[in-house]
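The residues of the chain are indexed from 1 along the displayed sequence.
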Amino acid sequence: GRYHQAAAGERRVSAALDAAARFAADVWRTLTWRTLLYTVFAGLLLGLPFVVSRFVYENARGMPLPGLVITMTGAFCIMLAILIADQAIERGTRSWPTYLLALLAGAVLAGWLQDAIREVFGLYTKIDRPGVSAAVRNTQMAYNGISMFLYGFMFVLLYRDYRRSKRAEALTRATELERTHGERLLQASRLAAMRAEVDPVALLAELRSLKAMYDSGAPTADAALDEL
């Protein structure tokens, strides 16, 4: 009894680990160069509001490279959350709850990573410089996470519209290919029917008769050719 229960438990754990490994591998395969370029572009878009808002870094003017690293981190977390949600949806989960849950996890991760990177690079803002209270730093971390969630929600709306248009294009192409294939099959069936109606022996006899008529100069040769 206990041995069989332990063996069954090990099989369940092994199956769960295999499923998790396949899930992670599928997510990894979606991280293409195009996806990374989209992430960089999204990071640049995320950096624009930070430039014009109260996030002004004390150790550099404008938005320095480390500051862009922070916004890229947020964009990457959101993009990773969307890719993970896609794989979960393909496995049968509901669309919007999955996206919202993934965005929430991505926003929490983005808020924590942004705070950690800011501290590593010394990119302190006017409200989280060394010496401020932990409550202020936690408030800014929460603000970053909420911002990433809202930006991510807008990106999901655009992404779903893009995926919907791509699916519509694919469906249109498939329908056109199916229609073309059907027309070719119809033409082939008509040609086969025409071939089946022709008697080769009778056709050869008619051609020989026409040749004899033309050779003899018969005036009805052209009419016989048109009739054939």
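- Between the CD atom of Gln87 and the OG1 atom of Thr93 there is a distance of 10.5 Å, given to the nearest 0.5 Å.
- Remark: Trp112 engages no residue in a ring-ring contact (aromatic ring centres under 6.0 Å, His included) (not counting sequence neighbours).
- A pairwise comparison of heavy atoms in Thr98 and Ala88 identifies CG2-CB, 3.8 Å as the closest pair.
- Annotation for Gly152 and Ile78: closest pair CA-CG2, 3.5 Å, computed over non-hydrogen atoms.
- No side-chain heavy atom of Glu176 sits under 4.5 Å from any side-chain heavy atom of Arg173.
- Pairing each heavy atom of Ala85 with each of Ala102, the nearest pair is CB-CB, 3.9 Å.
- Of all non-hydrogen atoms in Gly106 and Cys77, the two that sit nearest each other are O-CB, 3.6 Å.
- Residue pairs satisfying the salt bridge (charged side-chain N to carboxylate O under 4.0 Å, His left out) criterion with at least one member in residues 37-48, sequence neighbours excluded, are absent.
- For Arg167, the CZ atom counts as densely surrounded, since its 6.0 Å shell holds more than 12 non-hydrogen atoms of other residues, nucleotides or ligands.
- Note on Ile146 and Leu109: separate hydrophobic clusters, where clusters join Ile, Leu, Val, Met, Phe, Trp and Tyr whose side-chain heavy atoms are under 4.5 Å apart, directly or indirectly.
- Screening residues 139-161 for salt bridge (charged side-chain N to carboxylate O under 4.0 Å, His left out) gives Asp161-Arg164 as the qualifying pairs, with residues at least two apart or on separate chains.
- Linking Ile, Leu, Val, Met, Phe, Trp and Tyr residues whenever their side-chain heavy atoms come within less than 4.5 Å places Tyr151 and Leu104 in a single cluster.
- With values rounded to the nearest 0.5 angstrom, Leu103 atom CG is found 8.5 Å from Phe153 atom CZ.
- Residues meeting the side chain to side chain contact (heavy atoms under 4.5 Å, CB included) test with Glu183, sequence neighbours left out: Arg179.
- Linking ILVMFWY residues whenever their side-chain heavy atoms come closer than 4.5 Å, directly or via other members, leaves Met72 and Val108 in distinct clusters.
- Within the structure, side-chain hydrogen bond (donor to acceptor under 3.5 Å, both in side chains) pairs that include any residue of residues 23-44 comprise Asp26-Arg29, Asp26-Arg91, Thr32-Thr35 (at least two apart or interchain).
- In terms of heavy atoms, Met148 sits closest to Gly74 at SD-CA, 3.6 Å.
- Ile82 is listed as a side-chain neighbour of Tyr99, based on a closest heavy-atom distance under 4.5 Å.
- Following chains of ILVMFWY side-chain contacts shorter than 4.5 Å, one cannot reach Ile89 starting from Leu31, and the two form parts of different hydrophobic clusters.
- Side-chain contact between Phe23 and Ile84: present, with at least one pair of heavy atoms (C-beta onward) separated by less than 4.5 Å.
- With sequence neighbours left out, Thr73 forms a side-chain hydrogen bond (donor to acceptor under 3.5 Å, both in side chains) with no residue at all.
- The cluster map of Ile, Leu, Val, Met, Phe, Trp and Tyr, joined by side-chain heavy atoms under 4.5 Å apart, puts Phe41 and Phe76 in different clusters.
- Between Asp86 and Arg163 there is a side-chain heavy-atom pair separated by less than 4.5 Å.
- In this structure, the side chains of Val156 and Trp96 come closer than 4.5 Å at one or more pairs of heavy atoms.
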